[in-house]
Number of protein chains: 4
Amino acid sequence: MFIIDIQNKVPIFEQLKKQILEFISIGILLPNDKLPSVRSLATDIGVNPNTVSKAYQELENQGYIYSVKGKGCFIADNQTDQLIKDDKLDDFKGCVNEMKKHQITKDKLLEIIEEVYKEETV
Amino acid sequence: MFIIDIQNKVPIFEQLKKQILEFISIGILLPNDKLPSVRSLATDIGVNPNTVSKAYQELENQGYIYSVKGKGCFIADNQTDQLIKDDKLDDFKGCVNEMKKHQITKDKLLEIIEEVYKEETV
Amino acid sequence: MFIIDIQNKVPIFEQLKKQILEFISIGILLPNDKLPSVRSLATDIGVNPNTVSKAYQELENQGYIYSVKGKGCFIADNQTDQLIKDDKLDDFKGCVNEMKKHQITKDKLLEIIEEVYKEETV
Amino acid sequence: MFIIDIQNKVPIFEQLKKQILEFISIGILLPNDKLPSVRSLATDIGVNPNTVSKAYQELENQGYIYSVKGKGCFIADNQTDQLIKDDKLDDFKGCVNEMKKHQITKDKLLEIIEEVYKEETV
DNA sequence: GTGGTCTAGACCACC
DNA sequence: GTGGTCTAGACCACA
């Protein structure tokens, strides 16, 4: 289910977080769905349990999931997917600002958006 | 001329690289222009010369500048500004792909672009 | 395993890079093999860890190895040995061109090649 | 007459030396020919006179040229061109050894030599 | 434990 | 003066 790339510079726990958020955003993980246990997920993707634990803890601190002692971790229910999308849009805005700083024209950006959204989803 | 934020988590030498690339991209630094010397820039922005040196060396390895022992560092002359913009556009494309993955609509993105490009440049 | 000559004018980190590339080329170091840790190698060959680190980082930037924080450095897996050999052959071509410029005859070169390849490997 | 590339990593005085040796090797500069004066050559190619002087001094130390006070520098006459070619062949031998170390086959090298020597001289 | 960044201060080659 | 290399020793993030 989860794919992590050890060669990638972004830390493993961040990759995990990102994928979980993506699944929530898309609707694969719904509010109150149970996440895999730290230990099982760790062995599944071949990483240290501490790493999975760190990802879960950060997600919990940010309110995207909640943990129940002795039961596991679950997706939070308060418009989580919308919060995630807002975060992502903030990222996008930052990116656009970068482009503007480099004096890249609006048209170039629109062109790229058209191109990306025309492609079939893989 | 250069502003670095020592508190920021992004490494100082990366901040430096980014600003130099920005200046090239905008046209403030033109091909064959001389960059400040390692030592002078280091004292200017209050960091160790090694840190500036690392930034310069990485820029050189990436072909954006060239260094001449005993003379200084200079902006490379091969359409450097265009190469930088292309790199940036690649970043943007990656970002748009991210948005698409999160099932964010094209309209949202267009909206944000309009918003950013309407603002006065600071 | 690695031998560096501190007297030599070629920088230590370059000597290191060269030997690592040689080992990859020969097949002593295979894709995804782990390189010695920065610190252990540094003490082994009696240099500063920063020096080893610089060698590793340059090899990474050039795509020959990849590093994972908290785990170590590993040989890259994309036909790295072939890429290195191609680089070397480019060097050779440049060298032959030099000889031609100096109006050295082809026969002289062939003679030397025979001589070198006849010798026992040390 | 002389072409120096400031962007090149090899020091200017080395580039100069190399070109003078090349001209001797080819026969453009003959024994007892006069080399341009340090100052005139320096202004011609736009470098510091010290740099030209250093090149000349090293060539003199190595016996390729001789200087006469108040008159200038001249090409030495004792089989200079042959000495240069021998030096170059030593370089070539070193290069071939490098190739052998990387387990590159003799055939590959022969192939490249054929290729280079088939080309028209530019 | 690992690699990555940074400082302080030294020495060298080149111009 | 310039950039390039190296050491010693520190601190951080990641696993």
Side-chain angles (χ1 to χ4, degrees), chain A residues 4 6 8-16 42 45-55 58, chain B residues 4 6 8-16 34-43 46-61 65-74, chain C residues 4 6 8-16 34-43 46-60 65-74, chain D residues 4 6 8-16 42 46-55 58:
Chain A
I4 66 112
I6 186 115
N8 197 325
K9 286 277 137 193
V10 2
I12 295 173
F13 80 94
E14 290 279 12
Q15 293 185 43
L16 245 181
I45 58 181
V47 303
N48 194 302
N50 290 329
T51 306
V52 176
S53 183
K54 181 165 186 180
E58 291 210 355
Chain B
I4 67 111
I6 194 131
N8 196 324
K9 300 274 297 197
V10 8
I12 296 173
F13 78 94
E14 290 281 8
Q15 294 183 42
L16 242 182
K34 190 178 179 309
L35 286 164
S37 84
V38 169
R39 288 166 176 79
S40 69
L41 181 51
T43 54
V47 303
N48 190 288
N50 286 330
T51 306
V52 176
S53 185
K54 181 166 186 181
Y56 280 10
Q57 278 179 45
E58 291 214 349
L59 287 171
E60 182 176 19
N61 288 338
I65 72 175
Y66 63 89
S67 70
V68 186
K69 246 195 230 174
K71 303 208 81 174
C73 288
F74 305 84
Chain C
I4 66 113
I6 193 131
N8 196 324
K9 300 273 300 199
V10 10
I12 296 173
F13 79 93
E14 290 281 10
Q15 294 183 43
L16 243 182
K34 189 176 178 310
L35 286 164
S37 83
V38 169
R39 288 165 177 78
S40 68
L41 181 51
T43 53
V47 303
N48 190 289
N50 286 330
T51 305
V52 176
S53 185
K54 181 165 186 182
Y56 280 10
Q57 278 180 45
E58 291 215 350
L59 286 171
E60 182 176 21
I65 71 175
Y66 63 90
S67 70
V68 187
K69 245 196 234 177
K71 303 207 82 174
C73 289
F74 307 84
Chain D
I4 66 112
I6 186 113
N8 196 324
K9 284 279 137 191
V10 3
I12 294 174
F13 80 93
E14 290 279 11
Q15 293 185 42
L16 245 181
V47 304
N48 193 302
N50 291 329
T51 307
V52 176
S53 183
K54 182 166 186 180
E58 291 210 354

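Lettering of chains follows the sequences in order, A, B, ..., and the numbering in each one begins at 1.
For B:Ser67, a side-chain nitrogen or oxygen approaches OP1 or OP2 of F:dG4 to under 4.0 Å. Put simply, C:Gln57 has a side-chain N or O that comes within less than 4.0 Å of OP1 or OP2 on E:dG4.
Taking each heavy atom of C:Tyr56 and C:Cys73 in turn, the nearest pair found is CD2-SG, 3.5 Å.
C:Ile4 places its CD1 atom 15 Å from the P atom of F:dT5, with the value rounded to the nearest Å. In this structure, B:Phe74 places its CZ atom 12 Å from P of E:dC15, rounding to the nearest Å. Atom-to-atom, NZ of B:Lys34 to P of F:dG1 comes out at 12 Å; the value is rounded to the nearest Å. Per the geometry, CG belonging to B:Leu35 stands 16 Å off C1' belonging to F:dG1, to the nearest Å. Separating the CD atom of C:Gln15 from the C1' atom of F:dC6 is a distance of 13 Å, rounded to the nearest angstrom. Rounded to whole Å, the distance from OH on C:Tyr66 to P on E:dT2 is 17 Å. The separation between B:Glu60 atom CD and F:dG3 atom C1' is 9 Å, rounded to whole Å.
The side-chain hydrogen bond (donor to acceptor under 3.5 Å, both in side chains) check on B:Asn61 picks up nothing, with sequence neighbours excluded. Remark: C:Glu60 pairs with A:Lys9 by the salt bridge (Lys or Arg N to Asp or Glu O under 4.0 Å) rule, at least two apart or across chains. Residues passing the salt bridge (Lys or Arg N to Asp or Glu O under 4.0 Å) test with B:Lys34: none are found, sequence neighbours excluded. Scored by the side-chain hydrogen bond (donor to acceptor under 3.5 Å, both in side chains) test, C:Thr43 finds no partners at all (sequence neighbours excluded). In terms of the salt bridge (Lys or Arg N to Asp or Glu O under 4.0 Å) criterion, D:Glu14 has no residue partners (sequence neighbours excluded). Checked against side-chain contact (heavy atoms from CB on, under 4.5 Å), D:Asn8 has the following partners two or more places apart in sequence or in another chain: D:Asp5, D:Val10, D:Gln15. By the side-chain hydrogen bond (donor to acceptor under 3.5 Å, both in side chains) test, C:Lys54 pairs with B:Gln57, sequence neighbours left out.
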>> Applying side-chain contact (heavy atoms from CB on, under 4.5 Å) to B:Leu16 and B:Leu41, what does each step give before you reach the verdict?
In response: CA-CA 10 Å; B:Leu16 242 182; B:Leu41 181 51; 4.0 Å; yes
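Helical stems involving DNA chain E, defined as 3 or more consecutive Watson-Crick or G-U pairs under 3.5 Å, span E:1-14 with F:1-14.
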> Could you write nucleotides 7-15 of chain F as a row of B, S and -, 5' to 3', where a protein heavy atom under 4.0 Å of any base atom gives B, of only sugar-phosphate atoms gives S, and otherwise -?
Replying inline: BBB---SBS
